[in-house]
Asker: 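Sharing a structure with you now.
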2 protein chains.
Amino acid sequence: MSERKEFRDLADPERAREVVASLDLSPGTERVPLEDARGRVLAERIDAALDVPGFDRAAMDGYAVRASDTYGADSEPVTLPVVGSVHAGETPGVALDDGQAVEISTGAVVPEGADAVVIVERTEEIAPDEGEDDSDANRHVRIETAVTPGENVMLAGADIAAGERALGPGTGLTPREIGLLSALGVDEVPVRATPRVAIVSTGDELVRPGGDLDHRAGQIHDVNSYAVATAVEEAGGDPVVYPHVGDDMDAMEETLLDAAADCDLVLTSGSTSASAVDVVYRVVEDRGELLLHGVAIKPGKPMLVGRIGGGSGASDESGETRGDGAAYVGLPGYPVSALTIFRTFVAPAIRSSAGLPESRTARIDGEMAVTERTEEGRRRLLAVGLIEDEAGETLVYPVDKGSGATTTLTAADGVVDVPADRNRLSAGESVTVDLFSPEVRPPTLLGVGEDDPALSRALDRLERPRYLARGSRGGLRELRDRLPDVAVVAGPYDADAEGVADATDLGGWSREWGLVVPAGNPAGVTGLADLVDRDLSFVNRGTESGLRTNLSNALADLADDRGVERRTVTESVSGFDRAARAFESPARSVAAGDADAGLGLRATAAKLGLGFVPVGSQSVRVLANPDRLEKPSVRELDGLLEDVSPLVDGLDGFESR
Amino acid sequence: MSERKEFRDLADPERAREVVASLDLSPGTERVPLEDARGRVLAERIDAALDVPGFDRAAMDGYAVRASDTYGADSEPVTLPVVGSVHAGETPGVALDDGQAVEISTGAVVPEGADAVVIVERTEEIAPDEGEDDSDANRHVRIETAVTPGENVMLAGADIAAGERALGPGTGLTPREIGLLSALGVDEVPVRATPRVAIVSTGDELVRPGGDLDHRAGQIHDVNSYAVATAVEEAGGDPVVYPHVGDDMDAMEETLLDAAADCDLVLTSGSTSASAVDVVYRVVEDRGELLLHGVAIKPGKPMLVGRIGGGSGASDESGETRGDGAAYVGLPGYPVSALTIFRTFVAPAIRSSAGLPESRTARIDGEMAVTERTEEGRRRLLAVGLIEDEAGETLVYPVDKGSGATTTLTAADGVVDVPADRNRLSAGESVTVDLFSPEVRPPTLLGVGEDDPALSRALDRLERPRYLARGSRGGLRELRDRLPDVAVVAGPYDADAEGVADATDLGGWSREWGLVVPAGNPAGVTGLADLVDRDLSFVNRGTESGLRTNLSNALADLADDRGVERRTVTESVSGFDRAARAFESPARSVAAGDADAGLGLRATAAKLGLGFVPVGSQSVRVLANPDRLEKPSVRELDGLLEDVSPLVDGLDGFESR
């Protein structure tokens with residue numbers, strides 16, 4: 001694999017952009033029915049092929065006349081015989097002579113001989129004389145105003161005339177353009193074709209959503225395929241998700257060549273495993289051309305750019321010039337990295353080939369909420385979240401710690417491009433955020449802290465909240481830094497020691513906690529003493545959890561009662577250090593038969609149909625950032641907490657406070 | 001029709017908004033496959049149903065170890081036997097004992113007994129001793145760093161744990177949310193259903209695009225159906241365009257009831273004819289309920305709001321309570337009015353029922369470029385166009401003169417809401433524009449003036465220009481008011497007299513004009529004198545056209561030569577006052593057999609395969625607004641005009657200047 005050495009130097013990001021742009025995805029032109037043309041881009045100029053309107057058209061309801069017959073009618077009304085009437089969609093049955101009028105509807109053909117319309121409001125039909133019937137022969141109208149030739153008439157072609165330029169190439173089709181094309185009778189329009197983009201996920205460990213996972217074999221769901229497909233759609237491309245292939249070289253080659261034959265661009269994505277990346281790399285080298293390997297931007301290091309397929313595949317080794325094949329870009333495996341690289345390098349190429357401009361909403365300015373240190377010497381696309389302060393200004397904070405976590409996807413709103421020569425972004429500094437999607441909006445509320453079922457219900461009632469379940473300790477820490485709007489803390493805490501003495505307690509509730517055990521409590525667990533004294537396997541929560549604090553305090557009380565060291569007690573609990581992530585996790589371990597008891601809530605035991613041994617009750621408090629009390633979402637949450645009974649109602653072991 | 005009297009007072013616009021909002025389009029919930037979920041809105045909260053990852057997962061390539069075996073390795077490297085290896089997607093074949101290591105790939109299952117991963121960069125595999133083979137039995141690795149328990153391992157559920165709140169109800173699904181749902185294995189999501197919106201066009205005169213028009217019967221194409229359908233889609237609704245119905249009461253009733261049975265909202269639209277409106281009105285009254293008739297806003301006067309269908313139609317007369325049926329809104333007939341009322345009153349209700357927020361780009365602030373007087377006492381939604389000045393600031397100018405012209409659709413970008421107590425908007429005043437679509441962008445260039453085929457080619461090369469063909473006189477007038485970026489003037493003009501002496505002439509070309517006659521010139525026309533002396537029917541251009549000025553001047557010269565009054569000459573031309581709208585129109589009249597000769601260009605005659613009798617050549621000049629010389633689009637146009645030969649090349653009778 002000596003070829004790899006050419007790429008030892010990472011490409012400059014600008015160079016990478018140029019290489020991707022040079023791939024030329026231009027998919028050509030297609031004709032689509034007018035009703036499917038929304039959002040498409042005209043491939044050619046459209047000139048009017050007919051006059052609109054195609055005839056002299058009454059612009060108002062009234063009477064068609066010869067203008068010369070109405071001169072002087074402003075001062076002295078003129079009475080004319082009404083020789084007929086014409087409605088929209090009718091061929092006029094009469095022509096007009098001097099001194100005659102024809103009743104006419106808006107949109108109707110102005111009859112021959114007439115050159116103007118007097119609006120009905122300035123006329124009066126005169127009742128037939130006594131003894132006359134009211135047939136047309138006896139109708140008369142009094143005209144009370146003079147009109148000029150052409151008045152209240154839209155002449156043929158006055159709207160747009162045959163041969164006139166109607167819409168230029170490159171015009172994006174919105175309802176307005178669709179309306180004009182309708183008027184011109186166009187029912188099929190030439191538009192830029194949509195680039196077809198193949199998405200091939202790689203890696204033996206990936207399983208499509210909907211499929212079952214074998215955890216022991218390290219299987220995980222394929223996150224990138226649908227996420228990238230959705231991003232392709234958003235950029236104006238037509239995504240084609242190919243069946244998943246593992247790390248098998250032959251299968252990969254077949255899939256990539258199929259994709260290259262059928263699509264304008266092939267994206268690979270999905271695996272973080274070196275072997276899968278290696279297989280893709282080799283296929284691109286053997287059956288295409290690798291133009292770029294790695295970009296000097298974090299997280300662009302693993303990016304590949306090239307072409308796949310084209311020409312006669314079998315004769316590649318002979319050194320013949322290959323055909324163009326399809327463009328190829330290999331995205332990083334971590335989902336946030338994949339979307340970041342897609343958004344930065346690939347989406348602009350797709351948009352441009354589809355003829356679509358960059359969305360006006362794809363960017364937002366804001367101010368760093370905290371200071372972030374970055375590694376100097378490498379340009380970085382820093383994933384960030386957004387939050388609005390009380391005045392509605394946008395604050396920006398870093399969220400991705402490079403963990404590859406999928407939850408970072410929904411915690412991050414976009415990326416900040418940090419130049420290589422910067423080693424920090426300071427709190428208060430202005431930054432520009434490239435949003436992951438034009439549709440991204442900052443959450444209305446940012447909460448951090450303990451997870452809790454009643455809290456979930458409260459969040460359900462707010463519009464677009466974001467909640468980061470980082471435990472009570474995590475919530476207190478972020479609140480001290482004044483980042484979130486609210487922190488949610490369960491169990492005891494020392495406001496002064498935590499540095500949150502100025503936070504406003506918006507309210508809360510209490511929840512009953514204890515030991516979640518298998519249904520029917522087969523081991524006959526009666527309380528914490530059993531964990532210490534008997535050989536029971538236990539699952540705790542992490543140190544960030546308020547529930548763990550309550551448990552530790554209760555065990556300390558037990559140690560004090562027994563007159564022993566606290567450590568002696570905790571060390572006797574088999575699994576005291578076996579910390580599970582979320583509030584339901586220990587209970588789920590019990591449900592799965594992996595533990596005899598887990599730290600948890602009565603509500604969780606009830607939900608999962610498990611047994612419950614109560615130990616204590618714990619207060620959950622919602623603390624507001626003093627800088628954000630006037631934010632509408634904080635006020636709304638405050639309102640919800642005024643009476644929490646709808647939130648805790650039906651949750652076993654919860655009560656209003 | 002005495003019921004109509006109830007509605008004699010027009011409803012307040014706020015009241016109209018409330019009534020439309022009260023129609024309750026809520027279409028309920030549906031489940032869609034994940035790959036089709038982009039842009040949809042979650043109907044319910046999604047909690048994680050599984051741990052992500054489902055196992056303790058290596059976050060880096062390296063060696064799985066017990067952290068306690070590495071203590072002190074920073075100062076003194078530790079060598080451990082490598083007892084196996086595990087890759088992503090594999091079930092580990094080994095468990096770890098004290099003092100052992102297992103080679104591990106990113107994403108692989110951390111084997112039992114291991115609690116940390118040492119990254120490969122901080123290790124070195126030791127070659128087997130001489131005489132040993134390189135099987136696993138003889139592998140060793142030197143560990144050069146100490147790790148803590150959990151280091152480089154993502155614990156089961158550390159990303160998101162079963163039971164945790166993942167996404168709240170009302171969340172809009174972008175690629176990021178699709179990614180998180182993929183990670184959770186969700187392949188079908190509960191989303192708000194899309195409201196189905198029926199579009200029924202009415203009026204005997206309407207013909208769908210693609211159908212042939214009978215101009216004599218006053219037929220025109222149906223503009224509103226597809227334009228409104230597109231706007232419905234843009235607002236997040238699912239449009240259903242019903243076959244066109246005329247003014248027949250029974251057919252209308254049948255169509256409206258069908259639509260009401262199948263859709264959440266029925267819109268009628270299309271006809272301006274009183275009889276069609278009347279028919280719809282009666283059907284809604286008979287088979288539904290009319291809640292509101294007319295809104296005190298221009299152009300909302302003809303708006304209808306109510307419900308159609310529901311309950312047992314046959315027993316309506318008995319006074320029984322009807323079922324709910326579908327919501328109903330009747331839109332005005334003029335296209336710009338229809339879209340204005342749709343955007344203002346209907347789109348918010350559709351968005352809200354689909355759970356979609358108002359787009360952030362649906363509004364833009366700008367400054368009035370000119371003063372507009374409005375009728376006091378009636379609130380008005382003023383259709384406006386947008387243009388950017390040299391500094392990129394948005395200028396706003398009124399475009400709709402209430403003519404019902406379809407070209408106004410693409411000349412207008414949005415509407416300004418002018419309160420009833422205002423009678424003018426002054427130049428320089430700040431206004432907010434509600435755009436017709438979130439996708440609307442101001443044109444890069446605004447040109448006004450003569451229409452011309454070479455100019456059309458130049459415009460084709462610019463991105464998003466807007467050109468209003470208002471003739472040379474119209475262009476000069478607007479340029480004097482400094483509204484457009486450029487004016488295009490054909491033929492002679494007096495810059496001082498027109499008030500454009502400070503405009504910059506960017507360049508131009510010349511075009512040959514004369515009389516367009518039928519192919520082969522059957523009447524043997526030789527020049528203008530024939531128009532005067534023979535009985536030939538002629539079609540002229542309008543007074544705004546530069547071509548007409550040239551013709552008038554040439555006829556004046558002829559009169560001078562003959563020593564007669566100019567008027568004598570022009571009055572002898574049969575059709576001198578028969579003015580056609582666009583530069584091809586007189587030629588098209590000739591082609592249609594409606595005239596013996598028309599004023600036009602050699603290029604037009606060539607394009608339409610007609611004969612041509614040359615009279616003169618005329619200069620076309622592109623004049624730039626002195627305030628806009630530095631606009632990028634003006635500079636680009638200036639560049640194109642440096643060498644106009646590609647623009648006029650191939651156009652018969654044009655030459656570079």
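Naming: A, B, ... by sequence-line order, numbering from 1 per chain.
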Asker: What verdict does the side-chain contact (heavy atoms from CB on, under 4.5 Å) test give for A/R57 and B/I220, after you've listed the backbone C-alpha separation in whole Å, the side-chain angles of each residue and the deciding distance to 0.1 Å?
Answerer: CA-CA 10 Å; A/R57 185 165 185 249; B/I220 58 172; 3.3 Å; yes
Asker: Once rounded to the nearest 0.5 Å, what's the spacing between atom CD of A/E177 and atom CZ of B/F436?
Answerer: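 It comes to 11.0 Å.
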Asker: Quick check on A/D212 against chain B: is it the side chain, the backbone, both or neither that has a heavy atom closer than 4.5 Å?
Answerer: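 Neither part, no heavy atoms under 4.5 Å.
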Asker: Relative to chain A, which segment of B/R588 carries a heavy atom at a distance below 4.5 Å: side chain, backbone, both, or neither?
Answerer: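 The answer is the side chain of B/R588.
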Asker: Please state whether the side chain, the backbone, both or neither of B/L608 comes within less than 4.5 Å of a heavy atom of chain A.
Answerer: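 Interface part for B/L608: neither.
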Asker: Could you check whether any side-chain heavy atom of A/R208 comes within less than 4.5 Å of a side-chain heavy atom of B/D187, counting everything from C-beta outward?
Answerer: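 No, side chains not in contact.
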Asker: Going through the distances and angles, do A/R165 and B/L459 end up as a side-chain contact (heavy atoms from CB on, under 4.5 Å)?
Answerer: CA-CA 10 Å; A/R165 185 178 202 272; B/L459 293 171; 3.3 Å; yes
Asker: Can you say whether B/A235 sits under 4.5 Å from chain A via the side chain, the backbone, both, or neither, judging by heavy atoms?
Answerer: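 Neither part, no heavy atoms under 4.5 Å.
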Asker: Looking only at heavy atoms and a cut-off of under 4.5 Å, which of B/R464, B/E233, B/R38, B/E584 has the most pairs with chain A?
Answerer: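 Going by pairs under 4.5 Å, I would pick B/R38.
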Asker: With only heavy atoms counted, which part of B/R457 is less than 4.5 Å from chain A, the side chain, the backbone, both or neither?
Answerer: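 Both parts, backbone and side chain.
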Asker: Which one, B/A231, B/A158, B/P149, leads in non-hydrogen pairs under 4.5 Å with chain A?
Answerer: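 Heavy-atom pairs under 4.5 Å are most numerous for B/A158.
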Asker: Under a 4.5 Å cut-off applied to non-hydrogen side-chain atoms, are B/L339 and A/R176 in contact?
Answerer: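 Side-chain contact under 4.5 Å: yes.
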Asker: Looking only at heavy atoms, which two atoms of A/A88 and B/E205 are closest? And how far apart?
Answerer: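 Closest approach of A/A88 to B/E205: CB-CD, 3.7 Å.
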Asker: Among B/A161, B/A582, B/G185, which has the most heavy-atom pairs under 4.5 Å with chain A?
Answerer: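 Winner by heavy-atom pair count: B/G185.
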Asker: Looking only at heavy atoms, which two atoms of B/A183 and A/H221 are closest? And how far apart?
Answerer: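 For B/A183 and A/H221, the tightest heavy-atom pair comes out as O-ND1, 3.5 Å.
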Asker: Identify which part of B/D460 has an atom lying under 4.5 Å from any heavy atom of chain A, answering side chain, backbone, both or neither.
Answerer: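 Both backbone and side chain.
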Asker: Let me know if A/A49 has heavy atoms under 4.5 Å from chain B in its side chain, its backbone, both or neither.
Answerer: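 Contact with chain B involves the backbone of A/A49 alone.
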Asker: Please rank A/G157, A/A48, A/G168 by heavy-atom pairs under 4.5 Å with chain B and give me the top one.
Answerer: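 The candidate making the most pairs under 4.5 Å is A/G157.
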Asker: Measuring from A/D51:CG to B/R581:CZ, what's the distance to the nearest 0.5 Å?
Answerer: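 One gets 9.5 Å once the value is rounded to the nearest 0.5 Å.
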Asker: Is it the backbone or the side chain of B/A162 that comes under 4.5 Å from a heavy atom of chain A, or both, or neither?
Answerer: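 Both backbone and side chain.
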Asker: What part of B/V52 lies closer than 4.5 angstrom to a heavy atom of chain A: side chain, backbone, both or neither?
Answerer: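 Just its side chain gets close to chain A.
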Asker: Show the nearest heavy-atom pair for residues A/T230 and B/T174, with the distance to one decimal.
Answerer: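 Minimum heavy-atom contact is CG2-C, 4.2 Å.
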Asker: Calculate, to the nearest 0.5 Å, the distance between atoms CD and OG belonging to B/E35 and A/S225 respectively.
Answerer: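 That separation rounds to 10.5 Å.
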Asker: Locate the shortest heavy-atom distance separating B/D222 from A/S182; write the atom from each residue and the value.
Answerer: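 Heavy atoms of B/D222 and A/S182 come nearest at O-CB, 3.5 Å.
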Asker: Which atoms of B/Q219 are under 4.5 Å from chain A, going by heavy atoms: the side chain, the backbone, both sets, or neither?
Answerer: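 Just its backbone gets close to chain A.
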Asker: Tell me, for B/L184 versus chain A, whether the close heavy atoms (under 4.5 Å) come from the side chain, the backbone, both or neither.
Answerer: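 The backbone, not the side chain.
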Asker: Indicate the atoms forming the closest heavy-atom contact of B/P209 with A/L34, along with that distance.
Answerer: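 That closest heavy-atom pairing would be CG-CD2, 4.3 Å.
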Asker: Heavy-atom cut-off 4.5 Å, strictly under: side chain, backbone, both or neither for B/T171 against chain A?
Answerer: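 Neither part; nothing is under 4.5 Å.
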Asker: Between atom CG of B/L409 and atom CG of A/L180, what is the distance when rounded to the nearest 0.5 Å?
Answerer: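 One gets 7.0 Å once the value is rounded to the nearest 0.5 Å.
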Asker: Does any backbone or side-chain atom of A/A412 lie under 4.5 Å from a heavy atom of chain B? Answer side chain, backbone, both or neither.
Answerer: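 Just its backbone gets close to chain B.
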Asker: With a 4.5 angstrom heavy-atom cut-off, could you sort out which part of A/Y226 is near chain B: side chain, backbone, both or neither?
Answerer: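 When you check distances to chain B, atoms from both the backbone and side chain of A/Y226 fall under 4.5 Å.
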Asker: So which atom in A/A217 and which in B/V109 form the shortest heavy-atom distance, rounded to 0.1 Å?
Answerer: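 The answer is C-CG2, 3.8 Å.
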Asker: Which bit of B/E463 comes within less than 4.5 Å of chain A, counting heavy atoms only: side chain, backbone, both or neither?
Answerer: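 Neither part, no heavy atoms under 4.5 Å.
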Asker: Count the heavy-atom pairs under 4.5 Å between each of B/P169, B/A587, B/S585, B/P465 and chain A, then report the option with the highest count.
Answerer: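 The candidate making the most pairs under 4.5 Å is B/P169.
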